[in-house]
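Working notes, beginning with the structure itself.
If you read the sequence from its start, that first residue is 1, and numbering goes on from there. First listed ligand is number 1; within each ligand, the first listed atom is number 1.
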Amino acid sequence: MVGAPVVWSLVTGAPAPLQRLVLAVDGPSGSGKSSVSRRVARVLGLGVLDTGAMYRAVTCAALDRGLDLADADAVAALARAAQLEQSLDPERESVVIDGTDVTTAIREPRVSAAVSAVATNLAVREELVARQRAVAASGGVVIEGRDITTVVAPDAPVRILLTADEGARVARRARELHGTADAQALAATQDLVVLRDARDSTVAAFTTAAEGVVEIDTSALGFDEVVQAVLDVVVARVPEAAAVLHPAEAAR
Ligand SMILES: Nc1ncnc2c1ncn2[C@@H]1O[C@H](COP(=O)(O)OP(=O)(O)OP(=O)(O)O)[C@@H](O)[C@H]1O
Ligand SMILES: Nc1ccn([C@H]2C[C@H](O)[C@@H](COP(=O)(O)O)O2)c(=O)n1
């Protein structure tokens, strides 16, 4: 079919050069970075680090301990002391903080509503960025968030900013949360996306691409088309990646 997306699939294990690869992905809420990064990691045989989950885990622990999130020192102390274990396996999402499995809890509305207060705490950011850089140093990973292309891994060989217009992002989130993007669902979702981005953008630049970062506007693209666009950038920047990819024979 003319114009049908060609989706890459993995035919062999990732070659040695990809084991050192860091693919940095940023974007605003609903741009698709978590879902796209997970799929790309699977296809390339890489790990995936969801850095938003780290901010969410600290938020969860702070709320569970009854901390006042406005108490920047107390929350930063918690972040510094926290034992955070996170699966990098794209097939298995798992987040454990100080022995408590918060994989599901970090997605609860109470955490989504509060996480910006933690993500805008500069001392918390310093701690979590250091941990994210340690993962980047090991390589073989897709890292996604808001400041990966600019702060965490500005030297990564592949850096991508996923964008989408506000309407598309709110509609995606509405479908995810309410199963529909009707007027009521859109209204209920608008602030979740727009206000959080406004708060988060006070500490990270994720709306315009920094120099050397490839922007992919996903507004009019389907999920598989975005995955392919990302893989095309990877192959353009790291030609060795082509050795493990071939066009899928049928749409996946
Ligand atoms: N190109 C696309 N077209 C339609 N829906 C998409 C597309 N990409 C992702 N989605 C869907 O949009 C929703 C939001 O995607 P995702 O969670 O990956 O975004 P995100 O950028 O990581 O957002 P956040 O930072 O808020 O977690 C998901 O339900 C996902 O399946
Ligand atoms: N590198 C990052 C990753 C995430 N954040 C903020 C943005 C959100 O408020 C929160 C949770 O992220 P999400 O799971 O919705 O992607 O953490 C950030 O500031 N920097």
Side-chain angles (χ1 to χ4, degrees), residues 5 7 24-41 48-60 62 69 79 86 90 93 95 102-103 105-109 111-122 124-133 135-136 142-154 160-181 185 189 191-207 216-230:
V7 179
V25 180
D26 283 329
S29 181
S31 58
K33 49 187 189 304
S34 304
S35 48
V36 169
S37 294
R38 199 162 285 278
R39 171 74 75 83
V40 167
V48 63
L49 179 65
D50 174 351
T51 61
M54 298 172 77
Y55 290 97
R56 287 173 179 271
V58 172
T59 304
C60 213
L69 299 186
Q86 203 169 342
E93 193 178 350
V95 185
V102 292
T103 311
I106 59 172
R107 306 295 167 195
E108 289 172 2
V111 176
S112 298
V115 65
S116 283
V118 171
T120 53
N121 179 325
L122 297 181
V124 170
R125 295 194 77 79
E126 189 180 341
E127 174 62 30
L128 296 189
V129 164
R131 297 186 190 209
Q132 292 154 14
R133 285 181 175 150
V135 174
V142 183
I143 307 184
E144 57 95 357
R146 303 292 194 288
D147 58 350
I148 314 306
T149 61
T150 53
V151 176
V152 175
I160 292 174
L161 179 72
L162 294 184
T163 58
D165 61 48
E166 187 178 298
R169 293 187 292 108
V170 172
R172 287 173 190 171
R173 188 60 84 213
R175 274 187 215 100
E176 182 179 279
L177 296 177
H178 304 285
T180 171
T189 311
D191 282 0
L192 286 181
V193 171
V194 177
L195 293 185
R196 186 141 65 86
D197 275 349
R199 280 194 292 268
D200 294 334
S201 63
T202 61
V203 291
F206 52 80
T207 52
I216 299 173
D217 182 346
T218 72
S219 308
L221 300 180
F223 178 77
D224 285 349
E225 292 175 299
V226 180
V227 171
Q228 186 190 346
V230 170

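- Look at Arg39 and Asp224 and you find a salt bridge, because one of the NZ, NE, NH1 or NH2 atoms lies within 4.0 Å of a carboxylate O, short of that distance.
- The only member of Val118, Leu69, Asn121, Val115 that meets side-chain contact (heavy atoms from CB on, under 4.5 Å) when paired with Val58 is Val118.
- For atom 12 (O) of ligand 2, the closest non-hydrogen atom of the protein is Gly52 CA, 3.5 Å.
- For ligand 2, one of its N or O atoms has an N or O atom of Arg146 under 3.5 Å away.
- Counting the atoms of ligand 2 from 1 in the order shown, those under 4.0 Å from a heavy atom of Ser116 are 9 (O).
- Between Asp147 and ligand 2, at least one pair of N/O atoms sits closer than 3.5 Å.
- In terms of heavy atoms, Arg107 sits closest to Ala53 at NH2-CB, 4.0 Å.
- Judged by distance alone, with hydrogens and angles left aside, the side-chain atoms of Thr218 form a donor-acceptor pair with the main-chain N or O of Thr163 at under 3.5 Å.
- Residue Arg56 approaches ligand 2 through these ligand atoms, each under 4.0 Å from one of its heavy atoms: 11 (C), 13 (P), 14 (O), 15 (O).
- When every heavy atom of Thr103 is checked against every heavy atom of Val95, the shortest pair comes out as OG1-N, 3.0 Å.
- Between Glu144 and the choices Ser37, Ser34, Ser31, the side chain to side chain donor-acceptor pair (under 3.5 Å) rule is met once, by Ser34.
- Asp147 places no side-chain N or O within donor-acceptor distance of the main-chain N or O of Thr150, the cut-off being under 3.5 Å.
- When each atom of ligand 2 is checked for a heavy atom of Ala119 under 4.0 Å away, the hits are 6 (C), 17 (O), 19 (O).
- Remark: the Asp26 side chain and the Thr149 side chain contain an N/O donor-acceptor pair separated by less than 3.5 Å.
- Looking only at distances, no side-chain donor or acceptor of Arg169 sits under 3.5 Å from a matching main-chain atom of Gly30.
- Around ligand 1, the residues contributing at least one heavy atom under 4.0 Å from the ligand are Pro28, Ser29, Gly30, Ser31, Gly32, Lys33, Ser34, Ser35, Arg146, Arg172, Arg173, Glu176, Arg196, Leu221, Gly222, Phe223, Val226.
- Near Thr51, meaning under 4.0 Å from one of its heavy atoms, ligand 2 places the atoms 1 (N), 2 (C), 3 (C).
- The number of heavy-atom neighbours closer than 6.0 Å to CD of Glu126, taken from other residues, nucleotides and ligands shown, is 12 or below.
- Looking only at heavy atoms of the protein, atom 7 (C) of ligand 2 is closest to Asp200 OD2, 3.1 Å.
- Separation of atoms CG (Asp217) and CG (Leu161) is listed at 9.5 Å; rounding is to 0.5 Å.
- Closest to atom 15 (O) of ligand 2, if we only count protein heavy atoms, is Arg196 NH1, 2.8 Å.
- The heavy atom nearest to atom 18 (C) of ligand 2, out of those in Arg125, Met54, Arg107, is found in Arg125.
- Summary of contacts: the protein heavy atom closest to atom 17 (O) of ligand 2 is Tyr55 CB, 3.7 Å.
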